[in-house]
Every structure is written in C-alpha cells, then in structure tokens.
Amino acid sequence: MKSASHNNHVFERNGKLPRTVFVWAILLVSLLPLTLEIASNDEKLSTASIASTVNIPVVGSALSAAANWVRVNDGSVQELRPLASFPTDWQGSWFEVDKNYSRFERWFSDNLGLRSLMIRTKNELDYRLFRSSTRVYFGKGLDIFGRNLIDNELPATELLLAKPENVDAITRGAVKLTAQLKDEGTTAIWVVPMMKEYFNPNRLPFFAPRLAIPSNFQTLYGSLKKQPDLHFVDVFQIIESLKGKYPIFHQQDFHWTDMSAMAVASDTVNTIARLSESKTRWEHPMEVIYEPQIGSDARFSARLNEEGIPAPVLKKTWQDRHTFASLDPKTTGLEFETNAIDDPDLLPPTCMYGNSFGDGMLRAGMTDYFKKFTKFDRALPLSAIPDLARGRCKYMVIQILDLSSGLWASLRK
C-alpha cells in the first residue's frame, strides 16, 4: 500500500504540470511578435530560416501558422499613447546593457503576444460587472462616454472658469482677438459647441461625475453671447431646437452628428450672408441615413466582438463646387484651401479655425457657399490667426470647444 506522503508527492507533481504547460504556452505566444519583428527587419531572415538554423524544419511552419493566427485573432486596441517601437540600434557604449535592455523591455511589454486580446477580455469583464472601464463609461442603452473628457477635460474648463475674473479676462481676450482681425480686414464669427453631457446628462451611469448646471462654462458662453462686438452663433439654442427631430450626438462617440453640424453651418453661412448683405442662403437639404459605425469612444472601450451599430449619417445630396488642395500645416499653417470661383452669388473668401467639430460643418457642404475657403491648422495658437488671415480671409469662423481649456486660458493674455 502506498504511503500518504507518496500520494501527496504525486498529487503535487501532477498539479504542477498543468501550470508549467500553461506558463510555457503563454511564453511561446508572447514571443511571436519578437519572431515577426526579426523576420520583418531582414528579408533574408524568415521563420523558416530560423528553424533551419536549429535543424528543426517543423518549427518554421508552426511559427508561421501561429503568427497568422495571432494576426487574425489579436485585434489591435486603440491607445491614448504611441506604443514603443522595436529598438533597431545599440545606444551608448557596448557595456551599457541596462539602457538598451530597458528599450527592448518597453517594446516587448507593448507588443506582447495576445496583449490586445487580454486587454479586450478585461474590458469585457469591466463592462459586464461595473459598466465602466479605465477608458469609458457605459451609459444607458448603447451610449458610451469617454472618461478622459468627463474626468479630466471638462473639469479643467470648470476649474479655469470658477473664478469670475477669468471669465471676464477671457471675454475681453475674445473681443480683443476680434478687433485684431478687424484691423486686418477680417470679420470674426464665433462658434462654440458644447459636449453632449449638456444635452444628454441622464444617459450617463449613476456613478459617473456630472456637470453642475448651470456650469461655469455656461457663464462664459453667456458672457460671449452678450458682447455687442462679437458675431456669435448660438450653438446651444440650435442644438436644443433639433431635439426630437434628428439625432444630435453619436451614441458611441463624443462628436455631434453631421445633422447638428449642418444646422450650425447653415446658421453660420446665413450670418455671413447677412453681414455681406447677400441674398445667398443655405440650401443643402438635411437627409439622414443609417450605416453601421464604430465610434471613437467605442474603439476606446475595446470590448470583445466589437461590432458597428446603426449610426445616423448625413446623406450627401449635392456636388462639391470646389476642388480641395491639401497643405502641410507645419510649414503653411493651413490644412487645405479650395480653388477660387468667380461667382457674384457666392460669399466672400472665408477661413475657419476649428477641430473635428468644425470638420463636421465642412462635411455638411459649408464650403460650397464661398468664393474660396481656407482651413487653418487646428494646432495653431489663437494669437497666430490675425497674421495668417491678412489678405486671405474676409470672414474668419473661430470654432472652439467648451473643453478646450488651454485655448480659453490663452485668451487671458
């Protein structure tokens, strides 16, 4: 009869075997990206040649099959930072192993085999158990909200505007920038969109932070709106008027829909037409279709089996009047400009400074109403706008988001 100690020994040995196999399996999968990187950096070096080097022909085909499986199943995750690149050179003296190993370690950590699948699995658990992850809040229905916007960017604007003197200083800065543009022969049109948290606060999960209404930003918005020297498009009122008519914000994205963008673009164009004493008015119709899409916040949520949902899309029923020339923003300060059309019914040459919300206005066909249209680099400081507008723009559309605290703060100077 076998002793109890012998049975315990067999049990412990058998118990360690599955753990050992699991560890080795994870290690082999983890090394696949390294094998692929080595192979891709030298055309003469393939997984087959690696296998032949160690005289195991079967390994090459096995590695290739495994690598292809990883490519198919390990879907990439959209990161908020650039991943470390594979180190292709040795830095420093030959004995500086630590510094060079740390570079490899960063790359290995960022490109671990099945890393994306593990991240997606963890996010799926977060969604099922907690209705949130490190990147997003999962709201009612299919609504997704980016945590960085809610936890950091919106509070940063609120903190900046908590002091009444900052609201006053920023308002004076906006009036001053408008005056500087006027000195260059350019009339400024202010377009200030707000995040969907202002319009759909009840779609957030109960535990997510909420804006205090009225917010500090609404105080600034009201101050800008009241300035007699500013031509101010009342975005908030326009979006409010669309409720129940069209989807105003995407469910899986923080952007407004192109229907909202078209409504704001229409008011902007008509404002410029009145200032120009032109009979031209917005004519593009607003027609909505639905197409499967994966919004930016949905990509950030990085769940398993990520699939697009029907999202509202503006149907383009018109032909662009202009041709567009893309430019290098770093050297020109411009993202694009159109050709010039000599048509007396079109509005004077106009420029726009704005981000992705302004891009929605352009997709709605805004450029068709102007003799020429130029888009400024969205990374420009506001102080650079007057010089760049000189001789180029009769009107200047300045689009700034509520959460652009850095831009608002720059107006205090």
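Model, not experiment: these values are computed from the prediction.
Side-chain atoms of Thr338 and Thr367 form no donor-acceptor pair, as typed in the model, at a separation below 3.5 Å. For Ser356 and His255, the side-chain atoms include at least one donor-acceptor pair closer than 3.5 Å. Counted by atom type alone, Arg299 and Ser296 present zero donor-acceptor pairs between their side chains at under 3.5 Å.
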| request: Check the pair Ser215, Tyr198 against side-chain contact (heavy atoms from CB on, under 4.5 Å), reporting the backbone distance first and the verdict last. | output: CA-CA 9 Å; Ser215 68; Tyr198 281 95; 2.7 Å; yes

| task | Go through Arg203 and Lys196 one step at a time and tell me if the side-chain contact (heavy atoms from CB on, under 4.5 Å) criterion holds. | result | CA-CA 10 Å; Arg203 304 299 294 173; Lys196 65 181 178 181; over 6 Å; no

| said: Would Glu197 and Arg210 count as a salt bridge (Lys or Arg N to Asp or Glu O under 4.0 Å) here? Give the steps. | reply: CA-CA 8 Å; Glu197 284 73 13; Arg210 280 172 168 75; over 6 Å; no

| request: Check the pair Asn166 / Trp408 against side-chain contact (heavy atoms from CB on, under 4.5 Å), numbers first and verdict last. | output: CA-CA 9 Å; Asn166 282 345; Trp408 293 120; over 6 Å; no

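Between Lys122 and Asp126, at least one side-chain nitrogen of the basic residue sits less than 4.0 Å from a carboxylate oxygen of the acidic one, meeting the salt-bridge criterion.
Proximity of the aromatic rings of Phe199 and Phe236 is defined here by a centroid distance below 6.0 angstrom, and this criterion is met. Taking the six-membered ring wherever Trp is involved, the centroid distance between the rings of Phe370 and His322 does not fall below 6.0 Å.
Inter-residue side-chain proximity for Leu161 and Thr219 is flagged as unmet; no heavy-atom pair is nearer than 4.5 Å. Side-chain contact between Asn355 and Gln399: present, with at least one pair of heavy atoms (C-beta onward) separated by less than 4.5 Å. Side chains of Arg274 and Arg281 form a contact here, defined as non-hydrogen atoms less than 4.5 Å apart.
Proximity of a side-chain donor or acceptor of Thr350 to a complementary backbone N or O of Pro348 within less than 3.5 Å is detected. In this structure, Glu184 contributes its side chain and Gln180 its backbone to no donor-acceptor pair below 3.5 Å.
The only member of Val136, Leu403, Leu401 that meets side chain to side chain contact (heavy atoms under 4.5 Å, CB included) when paired with Leu149 is Leu403.
Scanning all heavy atoms of the two residues, the minimum distance from Ala174 to Leu411 falls at N-CD2, 4.2 Å.
No more than 12 heavy atoms of other residues, nucleotides or ligands shown are found within 6.0 angstrom of NZ on Lys245.
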